Engineer: 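Below is the structure I would like to discuss, written out as structure tokens.
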Amino acid sequence: MTPPPTRTVLAVIPARGGSKGVPAKNLAQVGGVPLVARAVRACLSSAEVTDVVVTTDDPAIADAARAAAGALGESARLHCVARPAAIAGDTATSEAAVLHALDAYEAMAHGRTAGVVLLVQCTSPFVSREDVDGVARAVAREGADSAVTVAPFHGFVWRDGSAVEDDTYGVNHDKAVRPRRQDRPQDFLETGAAYAMDVTGFRTHRHRFFGHTALVATDPARVLEIDDPHDLARARALAPLLDPSPLPTRADVDAVVLDFDGTQTDDRVLIDSDGRETVAVHRGDGLGIAALRKAGLPLLILSTEQNPVVAARAHKLRVPVLHGIDRKDLALKQWCEEQSVDPGRVLYVGNDVNDLPCFGLAGWPVAVAGAHDSVRAAARAVTTTPGGSGAIREIAAWLLGPTLTDSEPTPATTTPTQ
């Protein structure tokens, strides 16, 4: 086990409430988690970090940060500092926010002073514990004065110098020579995710780079800074691929709410010559739902379709159903109030865009495999099984354990409307 650092390491997360490019950016969710909470998680999970300060002018951001720390059982290590208006505008520097946070922390720490201070950016949604560990270790243990996360970079950078030199030119290469990649010196791209500074040097220079700056290499695939809505959309699309995939357990969930079409079915409808509709469902899903009901979890089927097949299936499963619902989010909120269930502890399973408002309410939004791209991007977890093929049984196994796992595929059945 790595021994604790000999100096206090303070991680500072600047998180203004105002943002022109993406309104309320630091509260925007990626992978179902607000950006500020993602940064808090990375810092609190670091073995090198002693305490974390979130400096903000927005009470909602402070609340989201505290909730993230509370979920990790680390509330005592998280401090929220109110940032003065003078250093909360568009022109304020991150360094000014860090210096103010340093002073505020040391004033509340009863004589404790920080030896190393980190700047960790919410706008890098894929900042990791390893990134935070790396920059902190470089300064706290390895003698660097400052440190920065970087990614190996092999691109040819050009600049348009026509206004000055009447030509364009290569910044990191001679345009008259085209060397092979292996013959070029290694370049590194600053990721913008995490920085570390010796506190004495930082107070002297009032800048994040001084003295010997250590380069802490990270995975180029994780390099993304959110400055506009397109960056946010990219981050949400990448989250299912780049985030670790923690799955909910019974301890995380107090109720399960299920969409029907495309979630408990394969999203197809069979219509006979008399216009009667049937859908394919999976016996394994029925077994999983029965096990969840037996475990005492409140269950609900919530569907926009006003179709007898939905009610017929719900009746067979002995699960309450609300169907023909235009505003599923309002129905979900009302049901939670009636059941005295915190929406933050509801697991909601869906597959298409009409489920997204419920994803915004539920603490565990889950998409089935094959769901619409925007739904998978907004989900906190995604099943490996498609809707109608046992996805609900898979979720039941997450919550209740592997005894619900069936090694053999179960054939589908059909549920008629009549």
Side-chain angles (χ1 to χ4, degrees), residues 1-15 26-56 58-83 94 97-98 101-102 104-106 108-109 112-141 147 149 191-197 199 216 218 222 239 242-249 251-252 344 363-364 380:
M1 179 180 293
T2 303
T6 56
R7 292 191 286 171
T8 296
V9 177
L10 179 68
V12 176
I13 302 171
N26 290 316
L27 290 172
Q29 293 194 357
V30 171
V33 180
L35 289 176
V36 66
R38 293 174 70 94
V40 167
R41 287 180 178 183
C43 292
L44 287 176
S45 63
S46 168
E48 302 291 331
V49 170
T50 310
D51 285 304
V52 179
V53 168
V54 172
T55 167
T56 183
D58 187 338
I61 289 176
D63 289 343
R66 292 188 187 100
L72 295 173
E74 294 283 8
S75 297
R77 295 174 56 209
L78 188 281
H79 313 274
C80 292
V81 170
R83 193 189 309 189
S94 296
V98 173
L102 255 177
Y105 169 77
E106 293 183 346
M108 71 175 74
R112 194 178 198 179
T113 59
V116 179
V117 65
L118 274 57
L119 164 61
V120 179
Q121 304 275 34
C122 298
T123 48
S124 294
F126 302 113
V127 62
S128 67
R129 173 183 60 79
E130 290 78 12
D131 296 333
V132 176
D133 280 344
V135 294
R137 190 181 303 116
V139 177
R141 299 181 187 273
T149 50
T191 71
Y195 307 81
M197 296 81 73
V199 166
V216 178
T218 189
R222 303 179 71 86
L242 296 179
D243 280 351
S245 300
L247 298 177
T249 67
D252 301 314
W364 275 99
R380 193 169 173 182

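All values reported here derive from a predicted model rather than from experimental measurement.
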Engineer: Using the salt bridge (charged side-chain N to carboxylate O under 4.0 Å, His left out) criterion, which residues pair with Arg83? Sequence neighbours excluded.
Structural biologist: none
Engineer: Have Thr149 and Thr191 got a donor and an acceptor in their side chains that come within less than 3.5 Å?
Structural biologist: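 Yes.
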Engineer: Are any of the side-chain heavy atoms of Val120 and Val12 separated by less than 4.5 Å?
Structural biologist: no
Engineer: Counting only N and O atoms by type, is there a donor-acceptor contact under 3.5 Å from the side chain of Arg7 to the main-chain atoms of Val139?
Structural biologist: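 Answer holds: yes.
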Engineer: Please name the pair of heavy atoms, one in Ala193 and one in Ser124, separated by the smallest distance, quoted to 0.1 Å.
Structural biologist: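 Scanning both residues, the minimum pair turns out to be CA-OG, 3.4 Å.
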Engineer: Could you measure the distance from the OH atom of Tyr105 to the OG1 atom of Thr113? Nearest 0.5 Å is fine.
Structural biologist: 8.5 Å
Engineer: Quick one: closest heavy-atom pair of Val135 and Ala196, and the distance?
Structural biologist: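 Result for this residue pair: O-CB, 3.3 Å.
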Engineer: Looking only at non-hydrogen atoms, find the nearest pair between Thr123 and Pro125 and report the distance.
Structural biologist: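 That would be O-CD, 3.1 Å.
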Engineer: Measure the shortest side-chain to side-chain distance between Leu102 and Val199 over non-hydrogen atoms and say whether it is less than 4.5 angstrom.
Structural biologist: yes
Engineer: Just verifying a value: how many Å separate Ile13 CD1 and Ile61 CD1, rounded to the nearest 0.5 Å?
Structural biologist: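 These two atoms lie 11.5 Å from each other.
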Engineer: Indicate the atoms forming the closest heavy-atom contact of Trp364 with Leu247, along with that distance.
Structural biologist: CH2-C, 4.1 Å
Engineer: Just how far is it from atom OG of Ser128 to atom CG of Asp133, taken to the nearest 0.5 Å?
Structural biologist: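 Reported value, rounded in 0.5 Å steps: 8.0 Å.
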Engineer: Quick one: do Val81 and Met108 satisfy side chain to side chain contact (heavy atoms under 4.5 Å, CB included)? Show the steps, please.
Structural biologist: CA-CA 10 Å; Val81 170; Met108 71 175 74; 4.0 Å; yes
Engineer: Under the 3.5 angstrom rule, does the side chain of Arg137 hit a backbone N or O of Glu48 as a donor-acceptor pair?
Structural biologist: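 A pair under 3.5 Å: no.
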Engineer: Any donor-acceptor pair under 3.5 Å linking the side chain of Arg77 with the backbone of Val49?
Structural biologist: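 Flag set: sc Arg77 to bb Val49 pair under 3.5 Å.
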Engineer: So, does Thr50 use its side chain to make a donor-acceptor pair with the main chain of Val9 at under 3.5 Å?
Structural biologist: yes
Engineer: Which atom pair, heavy atoms only, marks the closest approach of Val52 to Leu10?
Structural biologist: N-CD1, 4.3 Å
Engineer: Test Arg112 against Thr8 for side chain to side chain contact (heavy atoms under 4.5 Å, CB included), laying out the working first.
Structural biologist: CA-CA 8 Å; Arg112 194 178 198 179; Thr8 296; 3.4 Å; yes
Engineer: To the nearest 0.5 Å, what is the distance between CG on Leu78 and CZ on Arg66?
Structural biologist: 7.5 Å
Engineer: Look only at the side chain of Thr55 and the backbone of Ala101, and say whether a donor-acceptor pair between them is shorter than 3.5 Å.
Structural biologist: no
Engineer: Any side-chain heavy atom of Pro14 sitting closer than 4.5 Å to one from Leu119?
Structural biologist: yes
Engineer: Is there a donor-acceptor pair closer than 3.5 Å between any side-chain N or O of Asp51 and the backbone N or O of His79?
Structural biologist: no
Engineer: How many angstroms lie between CD in Glu74 and SG in Cys43, if you round to the nearest 0.5 Å?
Structural biologist: 12.0 Å
Engineer: With Thr249, which residues qualify under side-chain contact (heavy atoms from CB on, under 4.5 Å), at least two apart?
Structural biologist: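 Thr249 satisfies side-chain contact (heavy atoms from CB on, under 4.5 Å) with Ala251, Asp252 only.
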Engineer: Begin with the C-alpha distance, continue with both residues' side-chain angles, and end with the deciding distance and a verdict on side chain to side chain contact (heavy atoms under 4.5 Å, CB included) for Val216 and Asp131.
Structural biologist: CA-CA 8 Å; Val216 178; Asp131 296 333; 5.9 Å; no
Engineer: Which heavy atom of Gln121 sits nearest to which heavy atom of Val127, and what is that distance?
Structural biologist: O-CG1, 4.5 Å
Engineer: Could you give me the CA-CA distance, side-chain angles and deciding distance for Arg38 and Asp243, then say whether salt bridge (charged side-chain N to carboxylate O under 4.0 Å, His left out) is met?
Structural biologist: CA-CA 10 Å; Arg38 293 174 70 94; Asp243 280 351; 2.6 Å; yes
Engineer: For a side chain to side chain contact (heavy atoms under 4.5 Å, CB included) check, start with the C-alpha distance between Val30 and Leu35, then their side-chain angles and the critical distance, and finish with the verdict.
Structural biologist: CA-CA 7 Å; Val30 171; Leu35 289 176; 3.8 Å; yes
